[in-house]
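For reference, the structure discussed in these notes is given below.
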Amino acid sequence: MDNRDNLMEEQLKNSYEKMPESLRPENIENRLLAMTQEERYNRSMSEDVPEDTGSKKSSGKGSKKSGKKKVILPIVIAASVLLMAGLGTYFILNRQSGEKTVSDQGLAVTPEENGEERQSTDNYKKAYKAFRNYKKYQEYQANIVYDIDYVEEAEEGTMAETAGADESNQTLAPQHKGKSARGEQEDTPSFTDTNVRTEGVNEADIIKTDGKYMYVYDSYTEHLNIYSVDDGKIEKIGTVNVLEDDESFIEMYINGDKLVLLGKSYTKSVRDAITTITIFDISDRTDPKKEKTFFQDGLYESSRMVGNIVYTFSEKTFDLDSVKKRKYETYIPKVDGEVLDNSELFVQEKSLTSGYTVASSINVENKEIVDKMAVLGGADKYYVSTDSMFFIDKNYDWNNFTYLDDSDIVKVSYSDGDFKLGAKGSFPGNLNDDYSIDEYNGYVRLVSTYRDENYTQYNGLFIYDENLEQVSVIKKLAEGESIRSARFMGDTAYFVTFRNTDPLFAVDLSDPENPRITDYLKIPGFSAYMHPYSEDLLLGIGYETDENGFGNTIKLSMFDVSDPHDIKEVDKEVLYDFDAASVLNDRRAFMFDSQDGTFGFSAESAWTYIDEDWYRDAYEEEYEDLDIDFDRSGYYYEVFDYDENKGFINLMDEKLDETYESLLGTRGIVIGDYIYIAQSGSMITSYDTTNYEKVDECY
């Protein structure tokens, strides 16, 4: 470093270039002082302003000072004008000596590594810039704008020297697929599995089964209880204390003799939350043994499991006031105590956020991390296909300080736990949920709600190739309405929009370059969840409304989609007793038995919290011709079948043990000839599926 300082000083002394008057420090400082607050902010956000424009005012060598700093742009510009030749000589000398240099992003690299290595370091630079911009935005909103407001360290340590500051996060030392897993083992009865978005991609839940045992989280005692189940008989045989390590349980996977618990641990606040992935050996169900815990920065958001690999997603935010450019742990997330490398980051530069979506892949058999990554800008929504992950986030306009009416989409391919950045693109509007996007035969299809240049709301269907380049589009559908549900079924897309009525659209996608709307059906109310019932039938669950869009009772619809050019609602059942259904908030709460077509969910009575007589009298008068019990309240588990001649048939209407999780914390699971209704924090009750009479119960 001394050689470089001497070289720069010598070049300054020997230079014949005269500094222009406009670049003299006193003249530039005068111009800065004359700037308005808005001009100063715009200048600080300009791409032409170097990131490292702060000076450190010190009283001695090596001292450093935190806080707001005076801009040294004049010195930087003057030095760059005068020292181009000198810097060239400096790099030549260093190449000859083999000395390591520090890149402008802070990573130590040898001269031979400049090129591909320097390219990868841009992610750190972009991440730091994104945090700086977000901080400036916050100050701008508060009418307090400064040129530079970050603490810069005097020493420029390498990632290896600065990344391991926080040791507290370091650790000390065949799943069923599809809607059901039927008869995979001779000694295990057929059973329904967790209802998932993508067949073959499993999702965690609070209640699981492997056909012989049920695993139920007790939300009151915060223990995970294990029950043996056999022909309707239930026995509690084991338990796991999920509070043992001050971790809060969220959900789980069962993978053969491995139990994977996903949870969270707080240190000070949500910002400091750590996601935990704990693997247990449950070969002895009566005595589960903890094998290993992995730690991942951020609050747990979601996960998926394919084969033996569990993919975990968390949201990590950072304190903007603590960001230090050379201390990567202040703005780069960690997985199992290690700061992610540049090659493991991706930055969405148009996002308004101080956080990342962090992803890891762990092999639960050998208990090792396979890969890890993070997307700055986070993900407003996730979609995971059988071989790709999609992170979708709303764009933000830094010039006008407002959300744009389009979204970024990042595609990450995955295989056996390995991540590979695939492509990045964008689309107009926003998605309703992850059913609104689908990957099929190399194409990405999605439906979104957007606004045009006149701020009129529409809906559209967009098709992209594997590189997220637009292939085709159908726009300006259902003016003033918004998408409430969608389902892609092979070469056909179905989606529902709603304002006052429920238009169900069918779109032929067999030619991705020329998608065609084949039909749309308008009926009262709308379907908030759609499920393929059979090859020709589509089940809709949503709300019944009047012609003005009012009303909130639950409705079941069965659509005949055998002819996409002529969609028909062949039957409907309005559940006037209920105004809430678990499946409308959480798809995992939906039970579907593909072998006999029965389906179930928990529901809340519309009269549970109605005490006013006038309100009840008004409903009794309006629905006097219907058989409604206005006196019943509480939570129920409903099981239905569908017959082409008889329509919807209610097979089970069983009142649940009332807890604060009666609605969303209840699951129905069919094992063999019995259905088990499990309530988190309460009990399991079994019924035979012949006449739905109670067989057993266990707390």
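Quick caveat, the model's predicted, so the values are computed rather than measured.
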Are a donor atom and an acceptor atom from the side chains of Lys208 and Thr194 found within less than 3.5 Å of each other? yes
Restricting to side chain to side chain contact (heavy atoms under 4.5 Å, CB included), what partner residues turn up for Pro564, sequence neighbours left out? Thr518
According to side chain to side chain donor-acceptor pair (under 3.5 Å), who are the partners of Ser682, at least two apart in sequence or on a separate chain? Asp657
Taking only residues at least two apart or on different chains, which pairs with a member in residues 484-498 satisfy salt bridge (Lys or Arg N to Asp or Glu O under 4.0 Å)? none
Stepwise salt bridge (charged side-chain N to carboxylate O under 4.0 Å, His left out) test for Asp281 and Lys289: CA-CA 5 Å; Asp281 179 354; Lys289 301 291 186 183; over 6 Å; no
Do Tyr253 and Ser303 get their side chains close enough for a donor-acceptor pair, meaning under 3.5 Å? yes
Among all residues two or more places apart in sequence or in another chain, which pass the salt bridge (charged side-chain N to carboxylate O under 4.0 Å, His left out) test with Asp387? none
For Tyr676, check ring-ring contact (aromatic ring centres under 6.0 Å, His included) against everything at least two apart and list the hits. none
Can you name the side chain to side chain contact (heavy atoms under 4.5 Å, CB included) partners of Ile250, sequence neighbours left out? Lys264, Tyr300
Checking side-chain polar atoms at under 3.5 Å, does Glu439 have a donor or acceptor matched by the opposite partner on Ser385? yes
Scan side-chain atoms only and decide if Ser314 and Glu301 contain a donor-acceptor pair under the 3.5 Å cut-off. no
For the pair Phe313 and Phe391, name the ring-plane relationship: parallel under 30°, tilted 30 to 60°, perpendicular over 60°. perpendicular
Pairing of Lys568 and Asp566 as salt bridge, 4.0 angstrom limit: yes
Under 30°, 30 to 60°, or over 60°: which ring-plane class applies to Tyr217 and Phe249, parallel, tilted or perpendicular? tilted
Using a distance-only test with no angle check, is there a side-chain donor-acceptor pair under 3.5 angstrom linking Asp536 and Ser534? no
Using only heavy-atom distances, determine whether the side chains of Ser602 and Thr666 contain a donor-acceptor pair under 3.5 Å. no
Sequence neighbours excluded, which residues qualify as side chain to side chain donor-acceptor pair (under 3.5 Å) partners of Thr357? Glu315
Is the closest basic N to carboxylate O distance between Lys236 and Asp218 below 4.0 Å? no
All pairs passing salt bridge (Lys or Arg N to Asp or Glu O under 4.0 Å) where residues 664-686 contributes a residue, at least two apart: Asp205-Arg667, Asp586-Arg667
Look at the aromatic rings of Phe599 and Phe601 and report parallel, tilted or perpendicular, splitting at 30° and 60°. parallel
Side chain to side chain donor-acceptor pair (under 3.5 Å) partners of Asp284, counting only residues at least two apart: Thr286
Starting at OH of Tyr699, measure out to CD1 of Ile684 and round the result to the nearest 0.5 Å. 12.0 Å
Could you tell me which residues satisfy salt bridge (charged side-chain N to carboxylate O under 4.0 Å, His left out) with Lys372, sequence neighbours excluded, listed by chain and number? Glu344
Using a strict threshold of under 4.0 Å (side-chain N to carboxylate O), is an ion pair present between Asp434 and Lys381? no
Would you mind checking if Glu203 and Arg197 are paired as a salt bridge, meaning a charged N to carboxylate O distance below 4.0 Å? no
Apply side chain to side chain donor-acceptor pair (under 3.5 Å) to Lys572 and list each qualifying residue two or more places apart in sequence or on a separate chain. Glu544
To the closest 0.5 Å, what do you measure between CD1 (Ile675) and CG (Asp688)? 10.5 Å
Test: salt bridge (Lys or Arg N to Asp or Glu O under 4.0 Å). Region: residues 642-654. Which pairs qualify, not counting sequence neighbours? Arg632-Asp653
Do His531 and Tyr529 pair up side chain to side chain, a donor and an acceptor below 3.5 Å, judged on atom types alone? yes
Do you see a donor-acceptor pair shorter than 3.5 Å between the side chains of Ser605 and Asp577? no
